[in-house]
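Notes follow the structure.
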Amino acid sequence: MKLYNTLSREKEDFKPLKGKEVSVYYCGMTLQESPHIGHIRAALTSDILHRYLKYLGYEVNLIVNFTDIDDKVIVKAEEEGKDYREIAAYFENEYRDVIGRLNILEPAFYPRATQHIEEIIKLVQKLEKKKFAYQKDGDVFFSVRKFKDYGKLSGKKVKDLRSGSRIKVNKNKEDPLDFVLWKKAKPSEPAWFSPWGKGRPGWHIECSAMANYYLGDTIDIHGGGSDLIFPHHENEIAQSETATGKPFAKFWVHNEMLNIKGEKMSKSLLNFVPIRDLLGEFDPNVVRLYILQAHYRNPIDYNTEMLKQAASGWEKIVNFLNISKGAGGKLFSNLIEDFEGKMNEDLGTPGAVALAFDIVNEGLKADKKEIGSFRETLSFILGNLGFDFGKEKQELSPAIEEIVRLRNDLRDEGDYGTADRIRAVLEKSGIFIQDNSQGSIWRLK
RNA sequence: GGCGGCAUAGCCAAGUGGAAAGGCAACGGUCUGCAAAACCGUUAUCCCCCGGUUCGAAUCCGGGUGCCGCCUCCA
């Protein structure tokens, strides 16, 4: 498989450091607000990577973190008049709820920053000992200029950075580029005891500490949204590589942003659509289709029209699966190879999705002998892309089938009025009936 | 100002040197008690612009233009 590596800005052949094991660290979200579709795009990207690595036979050790303590969480807690832990737990639950509904595979762990304060403190001490960190008034900073590789991920040069041009620089910093590792707490703020007094971790340090704790000094893949490249991931590299003296991650994978009306969807711009709201309107498979139809490294523009288009497309797939229900057959190995060909090329989900539609089209034209094979092949591909279409409530089947039979008796007798009313009533309860010359088929909607 | 990404039909989107995939939408037709589905046909002489390389370029090279992201918390 080829994967685009932000570090080299090239697609590279993916090979794990160690045999068949792959360690993946993904930056999850800061628990300060409801997850929106942009977060979900990142989560779906990690899910596709996770699933496809497994598909290729790798044993994937995936860690997705939650940042449950930082300035924004504290601000949110103050606004709401609640403890920061309550805020963090609330949004974590919401995140995990929608992730589950979207059929995103669980990582091995979802560690939280506050569970690793000890590791964080040790890491900061290590940096201090190596003279890459300094303390001032209870704050601890990382000396960016001492890390000679600084900028290697984002392609930035230290001299070109316009630090402080848009925000005030903390006066305790020796250099505006330096970033905080440990932050002194104000009396009212949540705090932990440390060698530097009471305080809390800075934003970037928790990821370095947790990645190291769970996955070791060098990990195979580190991922996240492209907006994290700088400064977050750049700073993680600086901290981790200074501490261990080894490369932090071999591959850096970043998904592009999801925009709304040409602007990035984000909390600060107040233009975000909570995924929970969206799932009230659209099937999770539709959301997945919408996201996967675009390549993860291309920006997507969000609007309802595009989701409606995805919904129509999903209908087409579901319709075929319903028409071919019960038919079985062997997988078409050439189509599976096509699927792998698309996915091996930097997770080419748009191509894989297009292939799925090709299969639907072929399947609709296929004769009875082959339709099952198209169905099986399609299911196989969709399943490996994380679509979840197996939830047919079969226990309803006998009752529904009897009603459908009775209704068809009415149709045979020419009582179309009653038959149409039954169809309308059933549709209201989510049972969708299609009539044709051979009889009727039904499915849950 | 620096760094990165993108530019293909009404919309979304593949293709990366040899006759422009696919989805949605639209229109016409077939089938159908009706609805839905399905089927057939139509919808980019052309891939942001200008040069160049080549027998041949949407695909490679050079130069522009536009949009987006990052340089500040952000997936």
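Convention: sequence-line order gives letters A, B, ...; per-chain numbering from 1.
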ask   = Which residues within residues 206-215 of chain A lie with some heavy atom under 4.0 Å of an atom in RNA chain B?
value = none
query = Contact class for N298(A) (heavy atom, under 4.0 Å): base, sugar-phosphate, or nothing?
reply = sugar-phosphate
inquiry  = Categorize Y26(A) for me: base, sugar-phosphate, or nothing, with a 4.0 angstrom heavy-atom threshold over every strand shown.
reply    = nothing
Distance between [atom1] atoms of [N] and [M] (Å, rounded):
{"N": "A44(B)", "M": "A13(B)", "atom1": "C1'", "result": "14 Å"}
{"N": "G64(B)", "M": "G22(B)", "atom1": "P", "result": "37 Å"}
{"N": "U42(B)", "M": "A7(B)", "atom1": "C1'", "result": "28 Å"}
{"N": "G63(B)", "M": "C12(B)", "atom1": "C1'", "result": "31 Å"}

Out of [options], which nucleotide sits closest to the side chain of [X]?
{"X": "M257(A)", "options": "A25(B), G2(B), G69(B)", "answer": "G69(B)"}
{"X": "C27(A)", "options": "C3(B), G23(B), A75(B)", "answer": "A75(B)"}
{"X": "K365(A)", "options": "C40(B), A14(B), C68(B)", "answer": "C40(B)"}

note = If one requires at least 3 consecutive Watson-Crick or G-U pairs with distances under 3.5 Å, the stems of RNA chain B turn out to be B:1-7 with B:65-71, B:10-12 with B:22-24, B:26-30 with B:38-42, B:48-52 with B:60-64
What pairs of nitrogen or oxygen atoms, one from the protein and one from nucleotides 31-34 of chain B, lie under 3.5 Å apart?
| residue | atom | partner | partner atom | Å |
| --- | --- | --- | --- | --- |
| G33(B) | O6 | R411(A) | NE | 3.1 |
| G33(B) | N1 | D420(A) | OD1 | 3.0 |
| G33(B) | N2 | D420(A) | OD2 | 2.5 |
| C34(B) | O2 | R423(A) | NH2 | 2.5 |
| C34(B) | N3 | R423(A) | NH1 | 2.9 |
| C34(B) | N3 | R423(A) | NH2 | 3.3 |
| C34(B) | N4 | D435(A) | OD2 | 3.1 |

